Amino acid sequence: YLSNTSTLSTKMAKSFPEEVLEHVFSFITSDSDRNAVSLVCKSWYEIERWCRKRVFVGNCYAVSPRILTRRFPEVRSVEIKGKPHFADFNLVPEGWGGCVYPWISAMAGAYPWLEEIRLKRMVVSDEALELISTSFCNFKVLVLSSCEGFSTDGLASIAANCRELRVLDLRESEVDDLSGHWLSHFPDTWTSLVSLNIACLGSEVSFSALERLVARSPNLRTLRLNRAVSLEKLHNLLCRAPQLVEFGTGAYSSELRPDVFSNLAGAFSGCKQLKGLSGFWDVVPAYLPAIYLTCSGLTSLNLSYATIQSPDLVKLVSQCHNLQRLWVLDYIEDIGLDALAASCKHLQELRVFPSDPYVVDPNVSLTERGLVAVSEGCPKLQSVLYFCRQMSNAALVAIARNRPNLVCFRLCIIEPRAPDYLTLEPLDAGFGAIVEHCKELRRLSLSGLLTDRVFEYIGTRGRKLEMLSIAFAGESDLGLHHVLSGCESLRKLEIRDCPFGDKALLANAAKLETMRSLWMSSCSVSFGACKLLGQKLPRLNVEVIDERGSPDSRPESCPVEKLYIYRTVAGPRVDMPPFVWTIDEDAALRV
Amino acid sequence: MSMPFEEHDYIGLSETPAMENSEKLASKGLNLKATELRLGLPGSESPERGNGLGVLKGFISGAKRGFSDTINGDSGKWVFTGNGGSDVDLGKNGALFSPRSVNGSGSEGTSLKEVVPPSPKAVHEKKPQISAVNGHGVAPAAKAQVVGWPPIRSFRKNSMAVNPPKSDEDAKLGSGCLYVKVSMDGAPYLRKVDLKTYSSYMELSSALEKMFSCFTIGQCGAHGVPLRDGMSESRLMDLLHGSEYVLTYEDKDDDWMLVGDVPWEMFTVSCKRMRIMKSSDAIGL
């Protein structure tokens, strides 16, 4: 398509030699800018596609490997996401899909110079890892975030074959941990390591191999160990890597011994560039002072596995005056959040996780007051993830007024449909205030008792909202209708256990093509409506995920268990398991 | 109380469609029950699911014993084919027994008595759930668990479960969540179950049976053969006839054991993963 409406722009476009344009384009790195450039005219489209080096695929089924490699022949870096977000909470049955092998296979042929692969929520087999390790001679970066399907054998292939590897980051992936032996496959001649994150691995790696690896990696900046690495050994690693910027400990416990303590404290104080700490499983509080000297330089602290009590947490965070990001368990309590608000004026992101989410009564004294305090005291606070057991509209309004610069607000009140604990009313007004005051809000997760009204607020005021997560909320289709007919920027909508059904979905079917995806589970969308959507909107894949057997064996009015709708240019999937059905244009049920 | 099992329509209208559903099916001549993967002799009836006992299906078989009995005598090892416990009354006529009569003194702990129906507020996924009052071994403050709620990643849940939070208060046993993988020989992919949502071997096996039945039904579908076809029915009947599968698990010492050897609580703590094996492969366990 030629979208040049003005002859002047055509002349301008044609007057620059391609090499100049290419050079100019090389400064344009954001995907949306690149996409815009490619739409100017045909020649810009061609130049741009030949020089695009980095591609992001937000939904692996929205496009096919062949389409990717055909359009962009010179890619060096690829990021691909697979399963929908609710897969993190076991709502997507195993075997649903998101297998990366076809992508690796296509890229092995098309991109021999590929350097970086970043995957999220994809199924990665050992065969895929082996193929990666043997197909790309210049391979440098492998990030597997929340992936699964591979074992330490696959890691061994990567270690053995990737001579240029710089980054191996296994962020929260589920690895079939056969042994720790894979680490020893890194050759002694390999010295280019920059970042290693093995925190998700269960088994012990050979410590001497790890030591030698660290010793021969002068560029090492990030090292995140797994729980199996004992505290007494940490100083061996830290002393060999004083240039570390990010460090994750293993189990942070040991018998109290002065020599162990002083070794550790000395090693930590030797790392003058340290900005981020994580790990801290099984913390023995007496060893915490070993990191005190690093605190003033820390910008990121992940204590979300540290089962230590509020007084110890307060002592720690009170020294972290430059802290920008804190992840912590609710052991910090309101009192600890007060201290945080007082000491950490540069805080941008706070995540508070529940220590004991499955009991009804609170086990710690963490309430809405802590979050309000942080919203008051931390002027740069932008991103919040907060698990708690009580909330009030008044608190939410206060937070909204205090922090209109919020970009991400995810609140999880542990009891579904919990009302404002002071007034027993729904929390519509509170969340309404959030979307009204926080005009830059891009991500919102709701919880508590909510009627259709909150969705009216969100639909009309959430103009920049890109991702919305809804659970156990709303009263009728009107709620969903408000969201789908408003929220101009909405890209991802995920809903569970809400009384939303056919009417809102069918009335706003066109909206679905403007979004990346919609997930609905345990709602009231009928199979008939799914069929209709699938028929009418060929550029959407409408997937019915239902483990009760074929939807044809039930009446069309019967609600489906789970529904995943996403736009795509690749047509229906070919790798669906037996419990996923799509409907093609002929309204034929396709397994 | 009759709680239809198939759907939990949020609005609460579930009863109607489900009943329509089964009526319609019956009138079509398709008796899905006959083709369900159940663990009993053909022709034996399993109790209605909506009999207030939640998910328990009472698949305790009669004369046809599980694999373990062939090998181990009457050790009472629990196997997938429906041996419920050491004190199972086998009964000569092979009829399925209601869960009540089974496992009276099993150390696995029985939750077969009054099961308080889940509170109407918390909408549950179709998967089996414990309810608030479900027998001994669970702290009273633990609530019925809804799948995927609160929204916490498995890695985090499992990290916390391995080392329960230390606090000055009494440690609350039974909290947390423990996902283990379950693979089945011949199935194309594995499943994950949260052992903390079950309080006995009975509940676990019932859930697994449901989960993996979709493979047998699905397999038929994938080949384009509808359920009504005689060919697929007979395939299912093959499974029903025999004790073709046993349930095994890998414990913390990396040994593979038959599920049911140890008391339930001990099992949940030591089980790393499970495998539904063909009986022929399980010789020697």
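No experiment lies behind these values; they were computed from the predicted model shown. No hydrogens, no waters, no symmetry mates; every other heavy atom, side chains included, goes into these values. Throughout, a chain's letter reflects where its sequence line sits, starting with A, and its residues are numbered from 1.
Looking at A:Phe387, only its side chain comes within 4.5 Å of chain B, counting heavy atoms on both sides. Heavy-atom distances place the side chain of A:Leu329, and not its backbone, under 4.5 Å from chain B. Residue A:Phe500 does not touch chain B at all, counting heavy-atom pairs closer than 4.5 Å. Only the backbone of A:Ala199 comes within less than 4.5 Å of a heavy atom of chain B; no side-chain atom from C-beta onward does.
You'll find the side chain of A:Arg227 reaches within 4.5 Å of the side chain of B:Ser159, heavy atoms only. Counting heavy atoms from C-beta on, the side chains of A:Cys412 and B:Pro151 come closer than 4.5 Å.
Listed options A:Pro93, A:Ser304, A:Gly149, A:Pro354 were ranked by heavy-atom pairs under 4.5 angstrom with chain B; first place goes to A:Ser304.
Once rounded to the nearest 0.5 Å, the distance linking CG of A:Leu91 with CH2 of B:Trp149 reads 10.5 Å. Taking CD of A:Glu148 as the reference point, atom OG of B:Ser154 lies at 9.0 Å (rounded to 0.5 Å). Rounding to the nearest 0.5 angstrom, the gap separating the CD1 atom in B:Ile152 from the CD1 atom in A:Ile414 is 6.5 Å.
Under a cutoff of 6.0 Å and an axis angle of 45°, B:Arg156 and A:Tyr305 form a cation-pi pair.
Residues A:Thr307 and B:Met160 come closest through the heavy atom pair CG2-CE, 4.2 Å. Nearest approach of A:Tyr358 to B:Lys157, heavy atoms of both residues: OH-CD, 2.7 Å.
We find that B:Lys181 and A:Glu174 are joined by a salt bridge, their nearest charged nitrogen and carboxylate oxygen being less than 4.0 Å apart. A:Asp177 has no carboxylate O lying under 4.0 Å from a charged side-chain N of B:Lys272, or vice versa, which leaves the two without a salt bridge.
Remark: side-chain polar atoms of B:Arg153 are not paired, donor with acceptor, to backbone N or O of A:Ser146 under 3.5 angstrom.
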